[in-house]
Every structure is written in structure tokens, then in C-alpha cells.
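Each chain gets a letter, A, B and so on, in the order its sequence line appears, and its residues count up from 1. Reckoned from all heavy atoms, side chains included, excluding hydrogens, waters and symmetry mates.
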Amino acid sequence: MAEKTLRILEEGQGALIQPFDLDAFRELNRAKPKALVDKRMSEAEAVRTFIREGDYVGIELYGTVRCPMSLTREIIRQGYKKLRSAAQGVYEADLLAAASVVKEMDWTYIGLEVYGVSHNLRRTVESGYVERVVEWSNAALAWRFKAAAMGVPFVATRSMLGTDTLKYSAAKVIECPFTGEPVCLIPALVLDVGVIHVNRADRFGNCQIDGITGFAHEMARASKRLIISAEEIVDTEEIRRNPDRTIIPYYLVDAVVHAPFGSHPGEMNGLYERDEEHIRGYFTESKDPEKVEAYLDKWIYGVKNHEEYLDLVGRERLESFRIKEA
Amino acid sequence: MAEKTLRILEEGQGALIQPFDLDAFRELNRAKPKALVDKRMSEAEAVRTFIREGDYVGIELYGTVRCPMSLTREIIRQGYKKLRSAAQGVYEADLLAAASVVKEMDWTYIGLEVYGVSHNLRRTVESGYVERVVEWSNAALAWRFKAAAMGVPFVATRSMLGTDTLKYSAAKVIECPFTGEPVCLIPALVLDVGVIHVNRADRFGNCQIDGITGFAHEMARASKRLIISAEEIVDTEEIRRNPDRTIIPYYLVDAVVHAPFGSHPGEMNGLYERDEEHIRGYFTESKDPEKVEAYLDKWIYGVKNHEEYLDLVGRERLESFRIKEA
Amino acid sequence: MADARYNPTELMICLASRQMSDGTTAFIGTGVPMLAASLAQKMHAPNLAPLFEFGGTGAILEKLPLAVGDMRTYNKGLHASGILDIMESAQRGFVEYGFLGGAQIDPYGNLNTTVIGDHDHPKVRLPGSGGGNDVGSFCWRTIIIMRQSARSFVPKVDFLTTPGYLTGPDAREKAGLPKGAGPYRVVTDLGVMDFDENTRRMRLMALNPGVTVDQVKENTGFELIVPESVGRNEEPTDEELRILREDVDSERLYI
Amino acid sequence: MADARYNPTELMICLASRQMSDGTTAFIGTGVPMLAASLAQKMHAPNLAPLFEFGGTGAILEKLPLAVGDMRTYNKGLHASGILDIMESAQRGFVEYGFLGGAQIDPYGNLNTTVIGDHDHPKVRLPGSGGGNDVGSFCWRTIIIMRQSARSFVPKVDFLTTPGYLTGPDAREKAGLPKGAGPYRVVTDLGVMDFDENTRRMRLMALNPGVTVDQVKENTGFELIVPESVGRNEEPTDEELRILREDVDSERLYI
């Protein structure tokens, strides 16, 4: 037949800062252990073993809600300075910026929600410490995880069209071969490392999340290496009792870290409320770089691990955030 | 910039027997009631009200497992003869074929699983009663629902490539704008009507499914009209107690039909086992068109509604299939 | 704002809430939109279904959420899913109202929440699109809530983060965005604006109490369409203020 | 099959089960593959994880499923999801073994399960691709189980439903299919075949008990590669048969 073609209508000029190779991803997934092996380890070991300087890292959900804060603090504590990341964040993204951990970002939203803009993000970007910023919408970034999770090069969307957000992204607009109308293609984002906090997991990595799942389902399946922290480590029997509650199956997981109050100062659905005083305190202080340094020294560099962090917060104080069973 | 193009490498010659219009779909979804309104009705009213002759209909999951059999029998009882359908089926698809209900099909698998080929399907296709058959893989058909559920024209896949399955489908193969490699695009399938059986629903249509979800999530979101049958109608309070158990939210649903043992002779997870004797009996008889007629007369045309059907099966017999709580 | 019965934020919340009709859905971000939706629910739109970006649907807003993903966004909710389920519902046309804001807005309702100055060497780095671009692309009617000033209401935004009517009539459809959607109202401390059906440019609809047309013009950095007859927004009623303060935001997190 | 210790089905189940190594995953359809996987689990591959097409992962197969979606496919399972979660896991490379069968197979392991004769006016309408095409596209190693005859082992299939090696070396990759995957073994009542690394054509690997090379050739409708030395498959052991009959399929649904 005569050669048929489609027009490429627009190409985002942003860089694909984490190029994907779906066949290489398949090889890695093939090599992951399929037997049930105990993957429990400390946050220090998990981070040291599975995150390398320069890696592309994603953190789910975000700063104040079901966020792997104990692992985020450990990443900062171990002194990474050139990570690349998918920046959909609040408190955790602000901390990574404050500690100059990230050099390149796929960006959708970084701010402090009700507390306004992130001063540390402004400093790290406006100062030029962050060398590349590529723009995306929230849905687009989640669809990038979804494409990787499907094992395909892209997902189609009708978002981002006609805007500078698209122009400064790495998306492409083509003529739809079925409708002839412009459609935006969002490229897959295969993360080097995904970091997700869950309500409960067994030692093999089968995970359950209560309440909304954010983008945990997609990110777990889009990651070459996956580090899980869990409020509670449960018997596999509990997983087997309700297999339809499993959102992340064991074979995706590389490390399981037991982290009670792992989302502090954020909240954890059904377990504890957020520590508003701590959050407000930090956010209001974060205008002042010196106060930020002091905060990092006290809460991250000044403690060896999550256990010491929890001692510093104070066990009684933590208990006060617990949600009483209705 | 100089005009850039992508090559279309292959186009399936199969018809798009249900062309999609995403903006028209948006208008329909906009018009659906968003208030909580009672949608309960009889299977006769639900089918009469929401299925029109010639409609494109999808039935989830399949014949012997969590299948809306009471609604399938009602569709046959009401005498539709020219429906079009997504044919991923077993017992229910065989019955629709036996009763000459379907004229055009997107086909992936129709057979009787352990009991082999579907004689009624062979008859209806080989006789030419079915006028158009378009081929797809199982995943491709589910991805067609997924594309519609996403509100986009297509989903990319690395399946179907290089085969006659693709040649006789309506998929297209293009050069990937990111990798340059061939990728198969699966067009959206927006159903006129989706029919799904669930464990429990409230009167507004919020639905819960126990165990595997098959492709209920995708089909529910790909349907212009959605008919739900449920083993149990529950209080909305029960839905609100575990919102993360809801798989189909009320605003997608047009009709809620209470149908205990609605999947008979198939099984329903956690509630009852399949009626193997009934299934084997029918499948072995189905070689003989006269016996098939007799079966339809007895079990479908011969009863007014699902209640009479259950009486015919026998209440004690039904009770014998109930799964005892472990 | 001579009248001390209410502050500008309370006024904007009341005006925004009045724009929403009952039996529809609203895509809710943090802050003012949440209060507006909650107030609408308690005033004239009991069947307004709130959808929260990270997966909450049909929540009973007993307490105001502090984040678009927190527990309160699906408190006694009807469905708790994930961001893509919500975004795809919006892409499928299920969401009537969306709320937006920004550092800059142009005559076509295009918004900038990304950078002031050059993207790669920004003078000010702003939070970014977040869900804004998706809301502006998918929701049938977007309601923009901003303080009005000549600095923020500009002829051309430094960065077009979220689509309004882009360059005018049919521009959205030509770009491939869903048909028939776009900016519906702009609610500010000075008044409420809509968009001319023919030119898709911003048009003054109604002035806030005590505000003059000239004041609005002075605080708009582009040619605003001003019809012969301009409406006048009613002050927040005592009932609106009471419900807002005692019921909607009793914890006074936002007002 | 002079030996009455076992029937051809039992033999094929045992041969198929021996092809699977421990600590891997297998995509399981109904029938023989389910028995082969279950037997492998109980013999030499206790850590073989079965994935069922409609969402069951890590089930404990106490009773044999009757359907790929029934309750037994996630009985005490580790994950119960849906068809796309499973298919996408396979597309991402998580599934090592897939099982296939068909009415026709060609020298490159391409399979026909769609029609005999012309597609639009078929002589025989077969069940269709089902998950077959996906399994053949995504699984690293597919194991094909069929009765062998010159009628079913044909030079060219009437309809290429599921990809084997298509037209030979690199043809899969050229078509865009994932790299490094494809047909691994063909298990029949006469023997076990693999595929030549250079030509990607079917090659006789080992004969079943009592079967001669000539018998295999007579029952193959194309030129089968026969190396100088052809192996000999061991009969099902008493233990294999005992476990198969008393444990795997105690209800005797399939054997």
C-alpha cells in the first residue's frame, strides 16, 4: 500500500531526563526474584542498597499524607546531592530542596498547600542549583508512571494541549490516526527507584493501603527498584485472607522497612492525624535559610535513624495523634 | 518548524463496528444525574429502558464467573435480534448466540473452557447469521474499554503485532514518536450499554466486588449506559464505611437490579459455587440445536423473570451451592 | 471594603459558592474552593458532589481538608480511589466545575502558576501546574478566584500554564482540547467577570459592594469588556457568614 | 502408548511440568497447563508463582480451577486484581512461562485458534485468540501443548492468531514485539520439540517412550529439524502419576 503518515503537530522542548528502554525494563523485571523471600531491612540499608547517586527517584504520596518520610529523611541523611526526581510534592520535596539533594526535576506541583509557596524550592531553582526543570501537569506525571506500568512507550491524553506546560515538557502532539484530531502523547517514566509508604505489608512485600491510593499503584509498577515502608508488618496469612486488598504484590518489591509513624509529621489514614504544630512551625521558619539548616540538623542529621527521630518527637506526643477507633 | 511525520506501518482491515466520539461521550456523562437518586428497578424495566435494538452491549465478567446471567436471560427474553457485542464469553455468549441475539461482534474468545468449543457460536457464525466479526486479543479488548474509560482515542500496546489477529482487527501500527519502534494502537470502545454483576450495591449504584475484578472497572467507565445487578442491596452507610471498597461509583450507574443468585449457573465469589450439573448438562446438549431450543424454552422463555427462574432451579438446590463461612 | 462585616476572602468565597448549581460535580483543590463548595452544599446545592484530586469522591465534609489527599477528602465518602480515576472521570466529562487561581491571568482566562520571567532562569519560580492544567482542560466550567490588580491581570502571561480560551474563539478545539469547556467566571475582590461568547475575552459582569467600574479598570492590565449595564453583587448575607464561620470553617483554618 | 500406566494427556502434563524451573512465574490458562503448573509446584518447583488471566496471583491451588477467573484462581492468594493488571505485568516482563495450544501450528511456532478456511466465510470457527496472542507476545518462554498430526502441524497456518517466531530470525523484534521472547517448547503425545537458534524453525528434541523419529516425521506436515542425537523422554514416574491423580486432580476433572 502507499505509505501513509501522521503529522507530528508539536514537540515539547523539555528534556526526557529519564529516557526509557522498555526491553531493558523487561529484563530487570524478569530477573527479580519470584520466590517469597524476606525483604525486611533497616531504612539505612534499604536506601544504601537500592539508591545510587544520580538515580531518578520518585516518592509517593506527598509530604503531609501517607508519605515515606522516614525514608526521605534517610535519603537526606546519607548525603545524596545529584538525584533526579519526579517533583509532585509538598513537605518532602521542600526538604529535599532544602538539603540540595536534587539536580534535575520533572515538575508538576511543589508548594506547601495552605501554607503557600516553598521557599526552599524557590532558592534551589532560582539559584540555579537545580539544573533542569521539565514541566508536566499532575495527571500527566501520573500517566507517565501509568505508561511505564503498562510497559508501553506512551499514554494518550487531551490535557496539556495549547499551553507552555506542554512546550516545556517532553510530550508530543500528533494527529490521532483514528479521529484526525490532535492528541497529546505522554512518554513513559520508568523510575530507577520508587519509594512508597503503606499501611501494612508482609515480609515479602505484599502491601495493603487503606483509603485513597494516590498514584501508588502506578508508581510501584513503574519502578526498577521499589522500597516500601510500612506502618505494620503483618503475617502473610493476613494478606491471603483478603487478596483483593493487596495493591502492591511482593514480586515488585525490593525492600520492606518497618516504619511506625513513618509518615510523621504527615498523617496516615486510619492511624494518626498530622502534626500540625510541627508542620506549621517548619513552614513558617522555612523563609529563613539559617532556620532551615537548624531544622535539618535537629531533625535529620542530628538523629541516627527513625527510632531516634521518634524519640526526639516524643512518644507521648506521637500517641496524641493516634486516631481512636470509632 | 519543518513538518515532521510518523509512518503508519499497518492498519487492521476489520471494521470499527462501534465508532467512538469522545466529545459526545463527554456530553452524555455531563448529563448523567450527579445527585443521589434511587435507581432500583426490575431486570425487565432495566433492560427495556436502557437497551435498544441494535445497541452495542458488553457483559462482564463471563458465563460461569460473576456474570449478570439474570440480565442476560432477560435480554434474550425481550427478543433482541440485532445487538452488537464485545464477545469475550463463555456460557452467556453461547446463549446469546443460541437465541440469535447478536449480528456483529468484536471477538476475542468464545468457548466453553473445559467443555471445549461453543457449538452455538459455530452455528451462528458459520451460517452467516453473524454478519461481521472483528478479531482482538483478550488484553486488547480490555484495553479498548480502558481507552474509553480514560476518555482518550487509543491505548498503546506491544501485543497483536505481526499477526492476522491484528490484520482482522481495527487496530493500527505506527512508528513510536519516542522510540521509533513499531507500536500497536488499540482504539477506544465506548459501549452503548454495559452490564455488570456485583456482590453488593446501594440503591444509588455504588458497587463493591469481592475478589478479582476482571474488567468491571474498565467496562463500567466505558459505558454510555450502565446496568448493575447485585446479589445484595446494602445501605449507603455500608458503602461509606469503606469507600476504598467501591469499584463503581454511583454517578456511572443508570439501573440497579437486585438479583440474588444472579450469576447462576455460574459462581459468585464468597457466596456460592457454580452449578456444575446444570452447566455440564447444557454444554453437552448444546451440540443438538433442538435440545438448545428446548433449553431456551424451559429456562428463559418459559419463565417470566429471575424469581420464577430461581423457583424453577429450586430454592433448596440453590441453597446447596452456598459457601459456608470458613 | 469599608464594611467590616466580612473580609475580602469571605466575600470571594460567598461569590464563588453562588456560581455553583445543585446536582453537579466540582473538582476541589485546597483553600478557598473547598470553602466555596462546602458553603454551596450547605446553602443552595445540597447535591453538589465534591471530587478531590487524589481520589476522594462524595465525602461528607464534617471538617475542612488541609490537603487534597487527606483523610477528610473521603471522610464517609462514596468512593476512595486514586488520582488517575479522578482525572480520567474529568477527562470523560463527569466534572462540571473546576476552581483555578494564579499569579497572572490574561484576557482569555489563560493562567500562569509556573514562573515569572524566563522559564530556564526564572525571576520567581511558582508552584507549577499541579492539577491546574488538567482542570482547565477537562472541567466544563472553571471558576477562577484571584485578587485583582494590574500586575496580575495582564495582556500576556509570562508562562501559559493552564488553558483558558487560549487565543480566542475555537482555539481550544483547534488545539485538541475537549469541546465546549473553558473558563466560566473570574471571581475577585472587586467583582465577578465572565467571557464574551464571540470574542472569548473577559467581560465585567457584576461589581462587588462599594466598587466602581473605574476601580476595576484601574486594576486590570488589559482592555476589559464593560457592557452598558453592569450588575452589582449582593453582600454576603448574615446566614452565609454564619454558616461559613461557624459551620464550614469552624476551625478558622482559612478565614 | 502400549504402556497402560498412563494416558497421553497424563504424559503431556508430566512433560510440560518438567519444562518449568523453580522461582519463576507462569501464566496459566484452563486445562492441561493448570495441571502441569500444579504438578511442577508439587514436584520440583515449589516457588513457581501462578498468574491467572483475570487477576489471580499466588493462589494456593488446593482445588483445580474450572475457569481462569474462578474463586480457586485466587484461593488464599497474594493478590486478586483484574485482567489488565496481569496482562500489563506480562507486558512488563514479569511472566516467564506461558502455555499455548491450537488447531494448527507452523514450523515457526505460529498458532491458529481463530478459523479454518477463510476468515469471513469460515469452514470452522474456532474460539479465537483469547489471551493467546498476549501470552505469545509477552511471556519470555511459551510452552505449546498439542496432539501431533500432519493435519495440525502445517507448513502455513490458515490464520496466524498468536505469534511464534513469525517468519524467522528477528521477525518478532522487527514487528515491534518485546525482545528475547518466543516459543520455548512444543510438547506433544509423540515428543518434545524446541526451536533452532539460527533458523527459529521447530526441531525435534526428545522422543516420547516407544515413539520413533519416523512416527514423528509422519505426523508433521512440514520439514522438522532432526539432529543426529535425539533425546528420549522419561516415562511419567510413579510419584508424578500418584501426585497428579491423587493430589493435583483428585476430582479427576481433566484426567
Is any residue of residues 204-221 of chain A within less than 4.5 Å of chain B by heavy atoms, and which ones? A:Ile209, A:Asp210, A:Gly211
For chain B, which residues from residues 15-23 of chain A have at least one heavy atom closer than 4.5 Å to it? A:Phe20, A:Leu22, A:Asp23
Check whether any side-chain heavy atom of [X] sits under 4.5 Å from a side-chain heavy atom of [Y], and report yes or no.
X: B:Arg7; Y: A:Glu3; answer: yes
X: B:Arg158; Y: A:Arg26; answer: yes
X: B:Leu9; Y: A:Lys4; answer: no
X: B:Ile8; Y: A:Thr5; answer: no

Which atoms of A:Pro187 approach chain B - backbone, side chain, both or neither, heavy atom under 4.5 Å: both
Looking at [X] and [Y], what are the two nearest heavy atoms and their distance?
X: A:Pro177; Y: B:Phe154; value: CD-CE2, 4.0 Å
X: B:Thr157; Y: A:Val152; value: CA-CG1, 3.8 Å
X: B:Thr179; Y: A:Pro153; value: CG2-CB, 4.4 Å

Interchain contact, B:Ala188 with chain A, by part (heavy-atom threshold 4.5 Å): neither
Which atoms of B:Pro243 approach chain A - backbone, side chain, both or neither, heavy atom under 4.5 Å: neither
Applying side chain to side chain contact (heavy atoms under 4.5 Å, CB included) to B:Arg245 and A:Asp244, what does each step give before you reach the verdict? CA-CA 9 Å; B:Arg245 297 292 298 154; A:Asp244 54 10; 3.2 Å; yes
Looking only at B:Lys172, B:Glu181, B:Met150, most heavy-atom pairs under 4.5 Å shared with chain A are made by B:Lys172
